[in-house]
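Remarks on the structure that follows.
As the structure is a prediction and not an experimental result, all values here were calculated from the model. In what follows, every chain begins at residue 1, and chains take the letters A, B, ... in the order their sequences are listed.
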2 protein chains.
Amino acid sequence: MTSARPPRADAVRNRAKIMGAAHEQITAHGPGVSMEQIAAAAGVAVGTLYKHFLTKTELVAAVVAASITAVADDAEAARRRAANGSRALEEITGFLTRLVDTAAHDHAVKAAARTLNAADPATREDEARATRALGELIHAAQTAGDLRADFTVDDLYLLFSTAPTDQPSAVRARWLTLLLTGLAAR
Amino acid sequence: MTSARPPRADAVRNRAKIMGAAHEQITAHGPGVSMEQIAAAAGVAVGTLYKHFLTKTELVAAVVAASITAVADDAEAARRRAANGSRALEEITGFLTRLVDTAAHDHAVKAAARTLNAADPATREDEARATRALGELIHAAQTAGDLRADFTVDDLYLLFSTAPTDQPSAVRARWLTLLLTGLAAR
DNA sequence: ATATATGGTGAAGCACCATTCACTTTATTA
DNA sequence: TAATAAAGTGAATGGTGCTTCACCATATAT
C-alpha cells in the first residue's frame with residue numbers, strides 16, 4: 001500500500017544533524033532558542049528544519065522524547081543492579097540524584113519532566129518502561145524495609161518535578177537529605 | 001533643597017490603578033503579560049505606564065515587592081501566634097501551606113520566590129522581617145523538640161522554591177506529607 | 001545520461017511586544 | 001482666570017521570532 005520511496009541520503013544526514021544541534025542548543029539555552037539558532041548550529045537553512053518538522057513544537061518534542069528514552073534506560077539499569085543484590089533504596093536515590101544532576105545542566109531533561117503524560121506512542125512506551133522499572137525498585141526497597149510503605153512511582157515523579165535543578169550541587173544534596181529523613185525531629 | 005512639587009492628584013490615582021491592574025494581570029497570566037494588556041486593564045494608555053515605570057522590569061519588580069510585603073506580614077503573624085502558645089511547628093507548616101496555596105494561583109508570589117536577594121532597600125527590609133520571624137519560629141519548634149535540629153530558614157526558602165505550585169491541592173498536600181515525615185521507613 | 005521528485009534555501013510575510021515621542025489635556029499655582 | 005508644568009495619549013519604531021513559499025540543487029531511478 002504505502003510504498004513510500006525511501007528517504008534520500010542527504011535527508012537522513014541532515015535530520016541527524018538537526019536533532020543533534022537541537023538537543024545541544026536546547027540543553028544549553030532552553031526550549032526558547034530560536035529556530036534560526038538551531039539551524040545555524042546544524043549548518044542548514046531554517047527552511048530545512050520545516051522540511052523535517054512541521055512546527056518548532058514538534059522539533060522540541062522530538063528532542064524531549066529522546067531524553068525520556070535515556071531516562072528509561074537508566075531506570076532499567078538501576079533495577080537490574082538491584083536484582084543483582086545491590087540495595088534497592090540506594091538505587092532509587094542514585095537514580096534520582098543522577099536525574100536531578102543531569103537536569104541541572106540540561107534544559108531538555110527538565111522540559112521532559114513537564115511533558116509527562118502528553119506524547120506520542122513511542123514516548124508513552126518509554127514512560128511505561130521507566131514506570132515499570134521504578135515500580136519494581138520501589139517494591140523491593142519496601143520489602144527490604146528501607147522505604148515507607150505508601151510510596152509510589154507518582155511520588156517519585158512528583159519529587160523529581162520539584163527538584164531544585166537551578167541550585168548548586170550542595171543545595172541539591174541538602175534537598176535530598178531533607179527529603180529522605182524528613183523535617184520532623186527523630 | 002529638593003523641593004519637588006507634590007505629584008498631581010490624577011497621577012497618584014493612576015499609579016494606584018496601574019499597580020492594581022498589574023498585580024491582577026500578573027497573578028492571572030504571569031509576568032509575561034504585555035504592557036498593552038496591563039494598560040487596558042488599568043484603563044490608561046501604554047504611555048502612562050512609562051510615565052510611572054521606566055521599564056516593564058521595573059513595574060513587575062514593584063508588583064513582586066508588594067507580594068513580598070504580604071508574605072512578611074504573614075510570617076510575623078504566625079510568629080505572634082506561636083508566642084501566644086500555639087505550637088511552632090504547626091505555624092511553620094501552616095505558613096508554608098498558605099504560601100504554596102497562594103503561589104498556586106498567583107504568579108506574582110511565584111515570581112517573588114525567584115527574586116530572593118535581589119531588590120531595593122524596602123524589599124530587603126521585608127525579606128529581613130520574614131527571615132527574622134521565621135527564624136524565631138524555627139528555633140521555638142526545635143526547642144519544643146518537634147523539628148530537626150539542623151533545620152534553617154534557608155531550608156525553608158529552598159522547600160518553598162521547589163513547591164509543586166502547578167499541581168492540584170491534593171498533590172500539594174501529599175508533597176508536604178512526604179517532606180514532613182521523609183521517605184525512609186519509620 | 002536524463003528525468004523527476006525529494007530535499008534545501010533564505011528572503012519575505014506576519015504577528016507580537018517593549019519602548020519612544022510629538023502632541024494634547026488637565027491639575028495646580030499665582 | 002490665565003499661565004505653566006506635569007501627566008496622559010497612542011501611533012509609530014524597531015526588534016525578534018515563527019512560518020511560508022517560489023525557486024534552486026541533487027540523489028535516485030530508469
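- The side chain of A:Val46 approaches D:dT19 more closely than any other nucleotide in the set D:dG8, C:dG8, D:dT19.
- Among the nucleotides C:dA27, C:dG10, C:dG7, the one closest to the side chain of B:Asp10 is C:dA27.
- For A:Lys51 and B:Gly47, each mapped to the nucleotide of DNA chain C holding its nearest heavy atom, the one lying further toward the 5' end belongs to A:Lys51.
- Atom CD in A:Glu36 sits about 12 Å away from atom C1' in C:dA12, given to the nearest Å.
- No engagement by A:Pro6 is indicated, since no non-hydrogen atom pair under 4.0 Å with the nucleic acid exists.
- A donor-acceptor contact under 3.5 Å is not formed by the side chain of B:Arg5 with the base of C:dT28.
- Residues B:Val44 and A:Val33 each lie close to DNA chain D; by heavy-atom proximity, the contact nearer the 5' end of the strand is made by B:Val44.
- Side-chain atoms of A:Thr123 and A:Asp126 form no donor-acceptor pair, as typed in the model, at a separation below 3.5 Å.
- Annotation: of the two residues near DNA chain C, B:Arg13 and B:Tyr50, the 5′-most nearest-nucleotide partner is B:Tyr50.
- The distance from atom NZ of A:Lys17 to atom P of C:dG7 is 15 Å, rounded to the nearest whole Å.
- The separation between B:Ile18 atom CD1 and D:dG8 atom P is 7 Å, rounded to whole Å.
- One finds no side-chain N or O of A:Asn14 lying less than 4.0 angstrom from the OP1 or OP2 phosphate oxygen of C:dG7.
- The interatomic distance linking B:Ile38 (CD1) with C:dA18 (C1') rounds to 11 Å, in whole Å.
- Whole-Å rounding puts the A:Leu49 CG to D:dG17 C1' distance at 13 Å.
- Listed nucleotides D:dG10, D:dG8, D:dT19 differ in distance to B:Ala45; the shortest reach to its side chain belongs to D:dG10.
- At distances below 3.5 Å, not a single donor-acceptor pair connects side-chain atoms of B:Arg172 with backbone N or O atoms of B:Asp101.
- The side chain of B:Thr48 contributes no N or O atom lying less than 4.0 Å from OP1 or OP2 of D:dA7.
- Residue contacts for A:Ser34: at a heavy-atom cut-off of 4.0 Å it reaches the sugar-phosphate backbone alone, with no base atom in range.
- Distances from the side chain of B:Met35 to the nucleotides D:dA27, D:dT9, C:dT19 place C:dT19 closest.
- Summary of the strand contacts: A:Gly32 and B:Arg15 both lie near DNA chain D, and taking for each the nucleotide with the nearest heavy atom, the more 5' one is attributed to B:Arg15.
- No hydrogens or angles considered: nothing links the side chains of A:Thr55 and A:Tyr50 as a donor-acceptor pair under 3.5 Å.
- Considering only the side chain of B:Ala9, C:dT28 comes nearest among D:dC18, C:dT28, D:dA27.
- Judged by distance alone, the side chain of A:Thr48 and the main-chain N or O of A:Val44 form no donor-acceptor pair under 3.5 Å.
- No hydrogens or angles were tested; on distance alone, a donor-acceptor pair under 3.5 Å links the side chain of B:Arg8 to the base of D:dA6.
- Relative to the ring axis of A:Phe53, A:Arg15 places its NZ or CZ within 45° and under 6.0 Å from the centre.
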